[in-house]
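Scroll down for the structure; my scribbles are underneath it.
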Amino acid sequence: VIARRTGTLDRLNAWERFALLAAALCHDLEHPGVTSIFLDRAGASVAGAFKDTVLEKHHVLRTFEVMVGQDIGLLKGLSSDSYWDFRNAVAGCILATDIAKH
(Lines give C-alpha, C1' and ligand atoms only; values in the text may rest on other atoms or scores of the structure.)
Protein backbone atom coordinates (compact mmCIF):
# COMPACT_ATOMS: atom_id res chain seq x y z
CA VAL A 1 0.00 0.00 0.00
CA ILE A 2 2.74 2.46 0.95
CA ALA A 3 4.75 1.63 -2.17
CA ARG A 4 1.72 2.21 -4.34
CA ARG A 5 0.74 5.48 -2.63
CA THR A 6 4.27 6.88 -2.86
CA GLY A 7 4.68 5.85 -6.50
CA THR A 8 7.53 3.46 -5.71
CA LEU A 9 5.92 0.55 -7.56
CA ASP A 10 5.54 2.70 -10.66
CA ARG A 11 9.31 3.16 -10.79
CA LEU A 12 10.05 -0.58 -10.68
CA ASN A 13 10.10 -2.90 -13.65
CA ALA A 14 8.42 -6.30 -13.59
CA TRP A 15 11.56 -8.16 -12.46
CA GLU A 16 12.20 -5.67 -9.65
CA ARG A 17 8.64 -6.16 -8.48
CA PHE A 18 9.09 -9.91 -8.67
CA ALA A 19 12.33 -9.61 -6.67
CA LEU A 20 10.46 -7.77 -3.92
CA LEU A 21 7.70 -10.37 -3.92
CA ALA A 22 10.17 -13.27 -3.84
CA ALA A 23 12.10 -11.67 -0.99
CA ALA A 24 8.90 -11.06 0.96
CA LEU A 25 7.78 -14.65 0.50
CA CYS A 26 11.16 -16.21 1.26
CA HIS A 27 12.71 -13.93 3.87
CA ASP A 28 12.14 -16.54 6.60
CA LEU A 29 12.35 -19.71 4.51
CA GLU A 30 13.21 -22.67 6.79
CA HIS A 31 13.47 -20.41 9.84
CA PRO A 32 14.15 -22.64 12.89
CA GLY A 33 12.48 -20.30 15.37
CA VAL A 34 15.67 -19.23 17.11
CA THR A 35 18.16 -16.40 16.51
CA SER A 36 21.43 -16.50 14.61
CA ILE A 37 23.22 -15.86 17.92
CA PHE A 38 21.56 -18.91 19.45
CA LEU A 39 22.58 -21.05 16.47
CA ASP A 40 26.14 -19.80 16.70
CA ARG A 41 26.40 -20.49 20.43
CA ALA A 42 24.78 -23.91 20.00
CA GLY A 43 27.32 -24.81 17.33
CA ALA A 44 24.65 -25.47 14.70
CA SER A 45 26.00 -26.49 11.31
CA VAL A 46 24.24 -23.60 9.58
CA ALA A 47 26.11 -21.17 11.85
CA GLY A 48 29.42 -22.61 10.71
CA ALA A 49 28.51 -22.10 7.08
CA PHE A 50 28.20 -18.32 7.37
CA LYS A 51 30.23 -15.74 9.31
CA ASP A 52 27.37 -13.38 10.11
CA THR A 53 23.69 -12.86 9.29
CA VAL A 54 23.49 -16.64 9.48
CA LEU A 55 19.76 -17.11 9.08
CA GLU A 56 19.31 -14.49 6.39
CA LYS A 57 22.13 -15.96 4.29
CA HIS A 58 20.54 -19.38 4.73
CA HIS A 59 17.18 -17.96 3.58
CA VAL A 60 18.85 -16.51 0.45
CA LEU A 61 20.68 -19.77 -0.27
CA ARG A 62 17.54 -21.87 0.02
CA THR A 63 15.46 -19.37 -1.98
CA PHE A 64 17.72 -19.77 -4.98
CA GLU A 65 18.19 -23.50 -4.54
CA VAL A 66 14.42 -23.79 -4.89
CA MET A 67 14.03 -21.25 -7.70
CA VAL A 68 16.73 -22.74 -9.92
CA GLY A 69 16.10 -26.37 -9.01
CA GLN A 70 15.32 -28.76 -11.84
CA ASP A 71 11.76 -29.25 -10.65
CA ILE A 72 10.99 -25.54 -10.83
CA GLY A 73 13.60 -23.82 -13.03
CA LEU A 74 11.89 -20.49 -12.48
CA LEU A 75 14.86 -18.40 -13.60
CA LYS A 76 16.19 -20.55 -16.44
CA GLY A 77 15.25 -18.07 -19.16
CA LEU A 78 17.27 -15.20 -17.70
CA SER A 79 20.61 -14.09 -19.10
CA SER A 80 23.53 -14.29 -16.71
CA ASP A 81 23.45 -10.52 -16.09
CA SER A 82 19.70 -10.52 -15.48
CA TYR A 83 19.98 -13.50 -13.13
CA TRP A 84 22.64 -11.80 -11.03
CA ASP A 85 20.72 -8.51 -10.96
CA PHE A 86 17.64 -10.39 -9.78
CA ARG A 87 19.60 -12.47 -7.27
CA ASN A 88 21.32 -9.39 -5.84
CA ALA A 89 18.00 -7.58 -5.47
CA VAL A 90 16.37 -10.52 -3.66
CA ALA A 91 19.43 -11.13 -1.49
CA GLY A 92 19.70 -7.47 -0.57
CA CYS A 93 16.09 -7.39 0.57
CA ILE A 94 16.39 -10.60 2.58
CA LEU A 95 19.70 -9.60 4.18
CA ALA A 96 18.13 -6.29 5.20
CA THR A 97 15.74 -8.22 7.46
CA ASP A 98 18.53 -9.15 9.90
CA ILE A 99 17.25 -7.58 13.10
CA ALA A 100 20.78 -7.52 14.56
CA LYS A 101 21.69 -4.91 11.92
CA HIS A 102 18.99 -2.48 13.03
Side-chain angles (χ1 to χ4, degrees):
V1 174
I2 293 171
R4 184 166 292 141
R5 288 184 182 171
T6 60
T8 301
L9 284 180
D10 297 331
R11 292 189 295 270
L12 301 176
N13 66 40
W15 279 103
E16 290 167 331
R17 290 180 186 191
F18 181 50
L20 285 176
L21 177 63
L25 291 172
C26 299
H27 80 277
D28 272 341
L29 185 63
E30 295 184 347
H31 199 293
V34 296
T35 65
S36 293
I37 294 169
F38 178 88
L39 292 171
D40 187 44
R41 289 181 181 161
S45 61
V46 70
F50 305 108
K51 183 177 179 181
D52 61 358
T53 61
V54 171
L55 288 172
E56 288 71 22
K57 288 180 180 177
H58 176 75
H59 303 320
V60 172
L61 173 72
R62 289 297 294 136
T63 295
F64 283 90
E65 284 179 346
V66 170
M67 287 181 137
V68 301
Q70 290 182 354
D71 293 341
I72 297 177
L74 189 62
L75 306 175
K76 65 183 174 187
L78 292 179
S79 69
S80 179
D81 287 344
S82 294
Y83 169 82
W84 285 105
D85 287 345
F86 178 77
R87 184 180 177 105
N88 289 334
V90 172
C93 290
I94 293 175
L95 294 175
T97 67
D98 185 354
I99 197 69
K101 304 289 183 183
H102 298 279

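Taken together through direct or relayed side-chain contacts under 4.5 Å among Ile, Leu, Val, Met, Phe, Trp and Tyr, Leu61 and Leu75 form parts of separate hydrophobic clusters. In terms of hydrophobic clustering, with Ile, Leu, Val, Met, Phe, Trp and Tyr side chains grouped at heavy-atom distances under 4.5 Å, Phe86 and Leu12 are assigned to different clusters. Cluster annotation: Val66 is connected to Phe64 through the hydrophobic network of ILVMFWY side chains, with a link wherever side-chain heavy atoms come within less than 4.5 Å. In the hydrophobic clustering of this structure, Trp84 groups with Val68; members are Ile, Leu, Val, Met, Phe, Trp, Tyr whose side-chain heavy atoms approach within less than 4.5 Å, directly or through other members.
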Run the side chain to side chain contact (heavy atoms under 4.5 Å, CB included) test on Arg41 and Thr35 for me, step by step, so that the C-alpha distance in whole Å, both residues' side-chain angles and the decisive distance to 0.1 Å come before the verdict. CA-CA 10 Å; Arg41 289 181 181 161; Thr35 65; over 6 Å; no

Applying side chain to side chain contact (heavy atoms under 4.5 Å, CB included), run through Val60 and Val90 and close with a yes or a no. CA-CA 8 Å; Val60 172; Val90 172; 5.9 Å; no

Would you please test Lys57 and Leu95 for side chain to side chain contact (heavy atoms under 4.5 Å, CB included) and show each step? CA-CA 7 Å; Lys57 288 180 180 177; Leu95 294 175; 3.8 Å; yes

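Atom CG of Asp40 and atom CG of Leu55 lie 10.5 Å apart (nearest 0.5 Å). To the nearest 0.5 Å, the span separating CH2 on Trp15 from CG on Leu20 amounts to 13.5 Å. Atom-to-atom distance recorded for Thr63:OG1 and Asp28:CG is 10.0 Å, nearest 0.5 angstrom. Taking NE2 of His58 as the start and CG of Leu39 as the end, the distance is 9.5 Å to the nearest 0.5 Å.
Judged by distance alone, with hydrogens and angles left aside, the side-chain atoms of Arg17 form a donor-acceptor pair with the main-chain N or O of Leu9 at under 3.5 Å.
Residues Asp98 and His59 form no side-chain contact, since every pair of their non-hydrogen atoms from C-beta on lies 4.5 Å or further apart. A heavy-atom distance below 4.5 Å is not found between the side chains of Asp85 and Glu16. Inter-residue side-chain proximity for Thr53 and Ser36 is flagged as unmet; no heavy-atom pair is nearer than 4.5 Å. Looking at heavy atoms from C-beta onward, Val54 lies in side-chain contact with Val46 at the 4.5 angstrom threshold.
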